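Model, not experiment: these values are computed from the prediction.
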Amino acid sequence: MPSKPVTPAAPTGGPGSTRARLRLGAVVLLGLLGLLYLGLAVLLYLAPQGTAVGSGLVGLVLAAAALTYGLLARGVVKQSRAGHVTAAMVCAIAAVLSISAAMAWTDWATLGVNVAAFAMLLGCVPRKASA
């Protein structure tokens, strides 16, 4: 009796897999967060709120946050385990720090995107390489 040919199992984390889709979603969300913070930094530069020095300092912090999210997205694209873990920690910390008593819709949106990115990042952390 002829036996069925054995087909190899699909590799986990390859193109089209659930992990790849989660990774792509996380990169998109990290990029959106970076663009959001960069836009807020430019807005504070063009239309300062309060004193010019205070707005400038807050704008610099927001620009640094945008750069951080961009670098984290790059680490996730390169499938770096340390990049994934760092990005997940930054998203979790940013979600906690964004909670305040007087939250506007932008704060809620940022909280939601950070939580969604955190969940996606947890689902696609690369496995440790075998020694």
Side-chain angles (χ1 to χ4, degrees):
M1 172 183 230
S3 62
K4 289 184 177 180
V6 178
T7 57
T12 58
S17 69
T18 303
R19 293 172 69 83
R21 288 188 182 109
L22 285 174
R23 188 170 35 254
L24 177 63
V27 168
V28 168
L29 291 179
L30 289 171
L32 284 174
L33 284 166
L35 287 175
L36 171 72
Y37 285 123
L38 185 62
L40 290 174
V42 170
L43 183 65
L44 278 176
Y45 177 75
L46 296 176
Q49 302 290 321
T51 65
V53 173
S55 290
L57 291 175
V58 171
L60 285 175
V61 169
L62 290 173
L67 178 65
T68 301
Y69 276 112
L71 291 174
L72 291 173
R74 182 176 181 265
V76 172
V77 166
K78 294 184 108 190
Q79 298 183 24
S80 163
R81 183 173 173 81
H84 275 73
V85 172
T86 305
M89 287 178 13
V90 167
C91 287
I93 291 169
V96 169
L97 291 178
S98 69
I99 297 172
S100 68
M103 291 179 66
W105 69 271
T106 53
D107 300 321
W108 284 105
T110 304
L111 173 67
V113 172
N114 271 311
V115 169
F118 175 72
M120 286 183 178
L121 286 165
L122 287 182
C124 68
V125 174
R127 292 181 176 90
K128 289 184 180 180
S130 304

Do L32 and Y37 belong together in a cluster built from hydrophobic side chains that touch within less than 4.5 Å?
yes
- Query: Is there a path of hydrophobic side-chain contacts, each under 4.5 Å between heavy atoms of I, L, V, M, F, W or Y residues, that connects L22 with L33?
  - Reply: yes
So CD of Q79 and SG of C124: to nearest 0.5 Å the spacing works out to 8.5 Å
Separation between CZ (R19) and CZ (R23), nearest 0.5 Å, reads 7.0 Å
Grouping ILVMFWY residues whenever side-chain heavy atoms fall under 4.5 Å, the cluster of L43 otherwise contains none
Under 3.5 Å donor-acceptor pairs involving side-chain atoms of residues 54-67, not counting sequence neighbours:
unit_1	atom_1	unit_2	atom_2	d
S55	OG	Q49	N	2.8
S55	OG	Q49	O	2.6
S55	OG	T51	O	3.3

Residues 43-63 vs ring pair (Phe, Tyr, Trp, His ring centres under 6.0 Å), sequence neighbours excluded, gives none
Applying side chain to side chain contact (heavy atoms under 4.5 Å, CB included) to A87 and not counting sequence neighbours gives L30, L72, V76, L121
Contacts under 3.5 angstrom, residues 89-109 side chains, donor-acceptor by atom type, not counting sequence neighbours:
unit_1	atom_1	unit_2	atom_2	d
S98	OG	A94	O	3.4
S98	OG	A95	O	2.9
D107	OD2	A104	N	3.0

When every non-hydrogen atom of L29 is compared with those of M120, the smallest separation belongs to CD1-SD, 3.9 Å
Residues passing the side-chain hydrogen bond (donor to acceptor under 3.5 Å, both in side chains) test with Y69, sequence neighbours excluded, are N114
